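Predicted, not measured: the structure shown is a model, and the values here were computed from it. Read the numbers this way: they start at 1 and go in the same order the structure lists the ligands and their atoms. In what follows, residues are counted from 1 in the order of the sequence shown. Side chains included, hydrogens not; waters and symmetry mates left out as well; all remaining heavy atoms used.
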Amino acid sequence: MVITSAPGKVILFGEHAVVYGEPALAGAIERRVYVEMEEGRRDGLTISSEGVEDGDEYALRYLRKAVEVALVHLGADRDRGLEVRVASHIPMASGLGSSAAVSVATILAVSRLLGAELSGEALAGLGHQVELQVQEAASPTDTLTSALGGVLYIEPGRGYKRIAASLPLVVGCTGDPRATKEMVRGVRDLRDRYPRIVDPLIKSIGEVTREAKVCLEERRDIGELMNINHGLLEALGVGTKGLSHLVHAARAAGASGAKITGAGGGGSMIAYAPREVERVVRAIEGLGCTAFQVSIAVEGARVEKKGLL
Ligand code: PMV
């Protein structure tokens, strides 16, 4: 039997623009998906899940596809009998990278069970394939961050750079479900209708992300840049009333910046709160939403020593 885990993520800067080749900055968070896997007594997959009820079918599509991609990659019989238990400590379908974490933890589990060693990059690459097959459009951001951990500056097609940063972040979840695929399609349609307006917005998000990288490296406050990024995401049409409420409540409570994180249209926001963390959490909770402080997960996907399910 093998037990693996992989962290969720927050996109600090650059969501949506990264789909068009601009850079993104993302951080793995200490909220994980756990996968327990053993050889099955009969052919095919047997799955049981815990803590994934809300997005059950959604998450399990990634899990099934991840098993298939890993078995094919390793040259194994794709009908091999496997028993899988999965437990998630990441809210599902909320923009916190649960699907990438499910994919990456599952691929790692299959590879270890079959006695294979995959590098973090190979794991991320296979996880990306899973995301592409399940949701069509996907940048490598989520799977790379979940596989490798830490804070990453990602340039699609050109690689990534690790940024040493520990960030005082608060996550607020609206609880409104949304599908990344539809949000990505919405931005694409807007761009098709107004290319001369939307292209500069996408480029501006890229500039904000480049500037934020420098800020992080120089350990300067990134709050103001988060606010600008949020405004640009609103202009791309991925904001909602619920997200705006949380973003403004966080700023009013003392966060130096706040923005949508992930695809928008519901899901989650993040606040950068070097001071007043507790107040920011309470302000979001005061609006009836879930909020928590998160720390950056330095480790990405890993094999666990003992059962956590
Ligand atoms: O919904 P999330 O957190 O998986 O974020 C999607 C980020 C996008 O840039 C909108 C899409 C992508 O694949 O990068």
Decide yes or no on side-chain contact (heavy atoms from CB on, under 4.5 Å) for Cys173 and Cys289, but give the supporting numbers first. CA-CA 6 Å; Cys173 303; Cys289 293; 5.9 Å; no
Shortest non-hydrogen separation from Leu233 to His16 and the atoms involved: CD2-CD2, 4.0 Å
May I ask you to say whether Lys161 pairs ionically with Glu155, meaning some side-chain N is under 4.0 Å from a carboxylate O? no
Those protein residues which place at least one heavy atom below 4.0 Å from ligand 1: Lys9, Ile11, Glu15, His16, Val18, Val19, Gly95, Ala138, Ser139, Asp142, Arg178, Thr180, Val184, Gly262, Ala263
With a cut-off of 6.0 Å (strictly less than), are more than 12 heavy atoms of other residues, nucleotides or ligands near CD of Glu218? yes
Taking atom CZ of Arg193 as the centre, report whether more than 12 heavy atoms of other residues, nucleotides or ligands fall under 6.0 Å from it. yes
Ignoring hydrogens and geometry, is there a side-chain-to-backbone donor-acceptor pair from Thr143 to Ala100 under 3.5 Å? no
